[in-house]
Amino acid sequence: MTSFTTVPSLLGEALAAHGYEAPTPVQAAVIEPEAANRDLIVSAQTGSGKTVAFGLAFAAELLGEDGKVPFTLPPLALVIAPTRELALQVSRELMWLYAKTGARIATCVGGMDASRERRNLSHGAHIVVGTPGRLRDHLERGALDLSALRVAVLDEADEMLDMGFREDLEQILDATPNTRRTLLFSATMPKPIVALAKRYQNDALRISTVSETRGHGDIAYQCVTVAPSDIEHAVVNLLRFHEAETAILFCATRDNVRHLHAGLTERGFQAVALSGEHSQNERNAALQALRDQRARVCVATDVAARGIDLPSLTLVIHVEVPRDPDTLQHRSGRTGRAGKKGTAVLIVPFPRRRRVEALLRDARVTAQWIPMPTPEDIRAQDHERLLSALLEPIETDDEDKALAARLLAEKSPEDIAAALVHAHRAKMPAAEELIGDRPAKQPGPRAGFEDIVWFKMDCGRRHNADPRWILPVLCRRGHITRSEIGAIRIAADETFFQVTRAAASRFADALKRTKGTEGEDGIHIAPHTGENPDTHTHKGPQRNGPNRPAGPNRSGPPRRGPGEGGKPPYRAKPHRGR
């Protein structure tokens, strides 16, 4: 199908007014003749036009022969969504879609005025959109009458079950007539969803428009590998490199959201936070700041970001690795919507690269592994953006020209241009130096490393040893800084490294205290008592003090410990002034 010729004329006019020329795959599937008057189980990607799809799917249950909705007090259609934001978004979409039909739409969500919602319901509504908890509350109070319901829609049903709304959903659906249609929209089909479908649907038609080859065609997936201790710095550099109009950063917990938001705000980013600890008023204020461009960065948990629809959102950063392919696609699906292009970047700690590669395979996503943007890369991008902004044609008035003439009388054009550039750059947060960002190798021993002690660790090239992940392991296990670690020599099965003699005894003592933590990375570290490793030639990536960049092998530490390394989850810390 290539057009909306089969939909009711008033809905077709509304679609045309909003720039819809042809239906998306999910919209085309639900208005096919075989889907008419049937229960549906629909799998579609985030941002694929699902709201318009089910709005078209239940049009036959609402509209009369004249294309208008008949008068009614009890609702004819019910849409249940997992979060307030998603319910409000669905309500707004249905309002413009059904505006010419005379349909009244009532919204019932937590955090809003419940008494006002009950008044709206008492005046009659053709379509009710709400969250499970608030709908159940109105149902128990007698304010919501579902006796005349013709169609029920469960939007993102899998997410609602994950959030513990099963009992609420069952109570709501049990209060509806058995003759109703049930449209179940779920990105995945876990066993609880299958059980729900069997109980409340009859001969449901299964529709799936999820791509078999890629998670989302309008999203460019990228992966960057970093040391675990550099994750927050990596976030800063990615934000500065892309300078997206709006970006969203995903963390796993509300604590991590709080810490990362504080760090970004302190660095000068215009950022807001969304997590379960924020009130509805705070959430509304944060979203409005993003829409008004008073804020450009949103730090959020997975659940808190449900239902967010920001047309200017072009960058998604997975600060913490998604737990499964569905989470990856739901997070990334916040961008690349309605045919627009977006970028999703996964920040991958070196020890978790293999896990992320498996995650991408399971999600059928093709990602590009790219180097982490360095401060030099960011400066180059800044220069291009600055030149583009300053050379863009603008309209000026007499007052502007008078002020420009006064400036030229006081300073040279070069000084004025330099001041303009300085003012532009001063508004930008500074880029961060990561462990891998080093100047070129300097000949001879580095200052302070004339007197060193050699240590060794039992992993080498065959275990994918790489200076970029070895450094943070040594710093964590030995309680020293990277500036106290000298040359790193990687052999086939061993790696040798230098520690300044001033720090060697402290390093050795710390190794004894952290001996029980070897299981975290499966690496044994001990003093080297043999001949000088520099007397041998070791092929593979080497490091001559902190001034040598990492070699090409970046696949992470040896997988000899249990699980993925046994490390505690990343918790971003607030940036402290220097």
Side-chain angles (χ1 to χ4, degrees), residues 225-230 348-354 434-436 438 441 445-446 448-449 451-568:
T225 52
V226 299
S229 59
D230 265 339
V348 184
F350 292 121
R352 305 188 75 182
R353 173 159 180 162
R354 287 187 179 90
L434 277 65
I435 287 178
R438 302 285 182 267
K441 173 183 176 181
R446 186 165 54 90
F449 282 83
D451 189 11
I452 52 89
V453 176
W454 283 97
F455 287 79
K456 67 178 180 180
M457 56 201 309
D458 61 343
C459 67
R461 290 194 306 275
R462 295 178 182 173
H463 310 104
N464 298 322
D466 185 284
R468 294 188 67 176
W469 63 257
I470 288 175
L471 269 174
V473 169
L474 299 180
C475 294
R476 185 182 71 252
R477 293 273 299 278
H479 298 172
I480 60 176
T481 65
R482 65 189 186 192
S483 63
E484 295 170 303
I485 301 172
I488 295 176
R489 302 288 183 250
I490 300 176
D493 295 299
E494 293 180 305
T495 295
F496 304 89
F497 59 93
Q498 300 173 341
V499 175
T500 60
R501 187 169 297 279
S505 60
R506 174 162 49 90
F507 181 76
D509 291 341
L511 289 179
K512 294 177 183 178
R513 294 195 301 272
T514 60
K515 186 175 181 179
T517 67
E518 287 179 12
E520 292 184 1
D521 43 45
I523 298 173
H524 175 71
I525 305 174
H528 174 59
T529 56
E531 58 182 311
N532 188 338
D534 275 337
T535 61
H536 301 282
T537 300
H538 302 296
K539 297 179 180 180
Q542 307 292 319
R543 174 183 179 272
N544 188 20
N547 298 326
R548 176 69 182 256
N553 191 341
R554 299 177 180 173
S555 56
R559 292 175 58 86
R560 295 186 290 172
E564 288 288 337
K567 296 181 183 178

Worksheet entry | Heavy-atom donor-acceptor pair, Arg461 side chain to Glu494 backbone, under 3.5 Å | no
Discussion item. I'd like to know whether Arg353 forms a side chain to side chain contact (heavy atoms under 4.5 Å, CB included) with Thr225, so could you lay out the CA-CA distance, the side-chain angles of the two residues, the decisive distance to 0.1 Å, and finally the verdict.
Written reply: CA-CA 8 Å; Arg353 173 159 180 162; Thr225 52; 4.1 Å; yes
Worksheet item: Could you state the interatomic distance from CD1 (Ile485) to CZ (Phe455), rounded to the nearest 0.5 Å?
Response: 10.5 Å
Fill in: Working for side chain to side chain contact (heavy atoms under 4.5 Å, CB included), residues Ile470 and Phe497
CA-CA 10 Å; Ile470 288 175; Phe497 59 93; 5.6 Å; no
Discussion item. If I compare all heavy atoms of Pro351 with all of Pro228, which pair ends up nearest, and what's the gap?
Written reply: CD-CG, 4.2 Å
Worksheet item: Does Asp493 have any salt bridge (Lys or Arg N to Asp or Glu O under 4.0 Å) partners at least two apart in sequence or in another chain, and if so, which?
Response: Arg462
Worksheet item: Ile452 versus Val499: any side-chain heavy-atom pair under 4.5 Å?
Response: no
Worksheet item: What class does the angle between the rings of His528 and Phe496 fall in, given that below 30° is parallel, 30 to 60° is tilted and above 60° is perpendicular?
Response: perpendicular
Item to complete: Measure across Thr495 and Gly460 and return the closest heavy-atom pair with its distance rounded to 0.1 Å.
Response: OG1-CA, 3.9 Å
Practice prompt. Sequence neighbours left out, what passes side-chain contact (heavy atoms from CB on, under 4.5 Å) with Ser505? Give chain and number order.
Written response: none
Worksheet item: Looking at side-chain heavy atoms only, is the closest gap between Val226 and Val348 below 4.5 Å?
Response: no
Worksheet item: Do Ile490 and Cys459 have side-chain heavy atoms sitting under 4.5 Å apart?
Response: no
Practice prompt. Verify side chain to side chain contact (heavy atoms under 4.5 Å, CB included) between Leu474 and Met457, making sure each step is shown before the conclusion.
Written response: CA-CA 10 Å; Leu474 299 180; Met457 56 201 309; 4.2 Å; yes
Worksheet entry | Contact check, side chains of Arg477 and Ile525, non-hydrogen atoms, under 4.5 Å | yes
Practice prompt. Output all residues satisfying ring-ring contact (aromatic ring centres under 6.0 Å, His included) with His479, sequence neighbours left out; order by chain, then residue number.
Written response: none
Discussion item. Please determine whether a side-chain nitrogen of the Lys or Arg among Glu484 and Arg506 lies less than 4.0 Å from a carboxylate oxygen of the Asp or Glu.
Written reply: yes
Worksheet, complete the sentence: Note: Val453 and Ala504 closest approach over all heavy atoms is CG2-CB, 3.7 Å
Item to complete: Look up atom CG in Asp458 and atom NE2 in His524, then write down how far apart they are to the nearest 0.5 Å.
Response: 6.5 Å
Response to the item:
Heavy-atom closest pair (Cys475 atom, Thr481 atom, distance to 0.1 Å) is SG-C, 3.8 Å
